[in-house]
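Side chains included, hydrogens not; waters and symmetry mates left out as well; all remaining heavy atoms used. Just so you know, residue 1 is the first one in the sequence shown, and it goes up from there.
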Amino acid sequence: VGVAGRASAKEPDGFDGAWGGAQDGVTGQIIVAGATVIGFFWRDDYVDTSDPKLSPDGRSLSFAFQGGAATLTRTGESTARLDVTEGTKVTRLNVQRD
C-alpha cells in the first residue's frame, strides 16, 4: 500500500495542466499532458514544439521550438521557472499552474 503523495517522487505532481506568466512585456504559456507539450504560447503566438524530454528526477521538462529551446523547471507545488533560449538570448519567466 502506497502513501498518497509519495508515489510522485520522480514527478513532483507532474506537469499536467497549463502553466503561464508574464514579466517585462513577455508572456508565456505551456500546456502539458503527461510529458508532452501540447501547446506553447511565446511572446505573441502559439508555436510548434518538438523533442520533449523529462529530466531523470522529473523536475524539468525541456523541449525545442522553431528558433530556440525551453526548459520548464518546478520550483514549488504550483510554480515553475521557464527558461527560453533563442540564439544567445536567455529569457527567464516565473510561471504558475492555472
Just wondering, do [Y] and [X] contact through their side chains at under 4.5 Å, heavy atoms?
X: Gln23; Y: Asn94; answer: yes
X: Val37; Y: Leu61; answer: yes
X: Leu72; Y: Phe15; answer: yes
X: Ile30; Y: Leu82; answer: yes

Give the minimum heavy-atom separation between [X] and [Y], together with the two atoms involved.
X: Ala70; Y: Val84; result: CB-CG2, 4.0 Å
X: Ala35; Y: Pro52; result: O-CB, 3.5 Å
X: Ala22; Y: Thr27; result: CB-OG1, 3.9 Å
X: Glu86; Y: Thr91; result: OE1-OG1, 4.4 Å

>> Just to verify, which of Ser60, Ser55, Ser62 counts as forming a side chain to side chain donor-acceptor pair (under 3.5 Å) with Thr71?
In response: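 Of Ser60, Ser55, Ser62, side chain to side chain donor-acceptor pair (under 3.5 Å) with Thr71 is met by Ser62 alone.
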> Per the side chain to side chain donor-acceptor pair (under 3.5 Å) rule, which among Trp42, Trp19, Tyr46 passes with Gln29?
Replying inline: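 One option only clears the test, and that one is Tyr46.
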>> Quick check: is Ile31 connected to Val47 through a chain of hydrophobic side chains (ILVMFWY, heavy atoms under 4.5 Å apart)?
In response: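 Different clusters.
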>> With a 4.5 Å cut-off on side-chain heavy-atom distances among I, L, V, M, F, W and Y, is there a chain of contacts connecting Val26 to Phe41?
In response: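 Different clusters: Val26 never reaches Phe41 through Ile, Leu, Val, Met, Phe, Trp or Tyr contacts under 4.5 Å.
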Hey, what do you get for [atom1] ([X]) to [atom2] ([Y]), rounding to the nearest 0.5 Å?
X: Gln96; Y: Thr75; atom1: CD; atom2: OG1; result: 9.5 Å
X: Arg92; Y: Thr73; atom1: CZ; atom2: OG1; result: 10.0 Å
X: Arg81; Y: Arg74; atom1: CZ; atom2: CZ; result: 13.5 Å
X: Thr49; Y: Phe65; atom1: OG1; atom2: CZ; result: 10.0 Å

>> Please determine whether the number of non-hydrogen atoms from other residues, nucleotides or ligands lying under 6.0 Å from atom CG of Asp51 exceeds 12.
In response: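 Yes, enclosed.
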> Between Asp45 and Arg43, is a salt bridge (charged side-chain N to carboxylate O under 4.0 Å, His left out) present by the stated rule, with each step listed?
Replying inline: CA-CA 6 Å; Asp45 203 358; Arg43 299 189 186 275; over 6 Å; no
